[in-house]
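These notes concern the structure reproduced below.
Numbering of residues begins at 1 and proceeds along the displayed sequence.
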Amino acid sequence: QVHLVESGGGSVQSGGSLRLSCSASGFYSSTRLMGWFRQEPGKEREGVASILNDDSTAYADSVKGRFLISQDKAKNTAYLEMNNLKPEDTAIYYCAADQGDYYRFPSLKASTFDHWGQGTQVTVSS
């Protein structure tokens, strides 16, 4: 069973930066997909960024040019560097992972991922 633990959330003013980390354990396959999602109260979970084991990435249009997803495969850790944060980025951010499947490209669909972290709150004030 894959276990994910997020860290790095918090409160920041508009224009500020935060870095989220997702530490993973329990992988059995070298073929892996890791992603970051976010969810506001009453809204659907939204894919923010994802990264494959070959380091190919995908981003939601709303965060392109501001957010950067990366990974340290030796540490089984994924990161989300968030810059120029806006109040509309306020949400609970979730780390997600999947493994063992054939991935044509990094997915931003929640249904692709089998494993989820507990979430970390990011609040951006204006």
Side-chain angles (χ1 to χ4, degrees):
Q1 180 74 10
V2 176
H3 185 57
L4 305 173
V5 178
E6 302 104 332
S7 61
S11 297
V12 65
Q13 288 191 330
S14 182
S17 299
L18 284 173
R19 187 193 196 205
L20 305 182
S21 298
C22 174
S23 177
S25 60
F27 281 123
Y28 60 78
S29 173
S30 59
T31 306
R32 305 169 184 180
L33 173 67
M34 296 192 75
W36 288 97
F37 289 74
R38 64 187 181 187
Q39 189 170 22
E40 298 175 69
K43 294 188 178 181
E44 289 191 3
R45 195 165 293 191
E46 173 193 22
V48 174
S50 62
I51 186 167
L52 278 171
N53 49 285
D54 65 1
D55 291 326
S56 57
T57 58
Y59 294 92
D61 288 343
S62 58
V63 306
K64 281 181 181 176
R66 300 189 298 123
F67 290 13
L68 177 68
I69 188 171
S70 62
Q71 62 185 341
D72 184 331
K73 282 174 270 189
K75 295 182 178 180
N76 283 332
T77 300
Y79 305 96
L80 185 68
E81 185 77 33
M82 304 184 293
N83 300 307
N84 191 21
L85 282 160
K86 305 175 181 180
E88 51 263 42
D89 294 318
T90 295
I92 298 175
Y93 282 70
Y94 296 91
C95 177
D98 198 64
Q99 64 177 338
D101 290 336
Y102 170 68
Y103 309 103
R104 290 181 60 193
F105 47 81
S107 173
L108 292 176
K109 292 184 178 180
S111 59
T112 303
F113 296 82
D114 281 342
H115 309 286
W116 294 85
Q118 80 287 354
T120 185
Q121 178 70 45
V122 171
T123 302
V124 184
S125 57
S126 57

Rounded distance [0.5 Å steps], CG in N83 versus CZ in F67: 8.5 Å
salt_bridge(K64, D61) N-O dist < 4.0 Å: yes
Classify the side-chain pair D98/T112 by whether it contains a donor and acceptor separated by less than 3.5 Å. no
Show every disulfide (SG to SG under 2.5 Å) that has at least one partner inside residues 21-100, sequence neighbours left out. C22-C95
Nearest heavy-atom contact between E6 and Q118 is OE1-OE1, 2.7 Å
So, for Q71 and D55, which heavy atoms are closest and what is the spacing to 0.1 Å? NE2-OD1, 2.9 Å
Value for CG (L80) from CH2 (W36), rounded to nearest 0.5 Å, stands at 6.0 Å
Backbone N/O of Y28 and side chain of R32: donor-acceptor pair under 3.5 Å: no
The criterion is ring pair (Phe, Tyr, Trp, His ring centres under 6.0 Å); which residues satisfy it with F37, sequence neighbours excluded? F113, W116
Side chains of V2 and L4: closer than 4.5 Å at any heavy-atom pair? yes
Between V12 and L85, what is the shortest heavy-atom contact and its length? CG1-CD1, 3.6 Å
Do R38's NZ or CZ and the ring of Y94 fall within the cation-pi criteria of under 6.0 Å and 45°? no
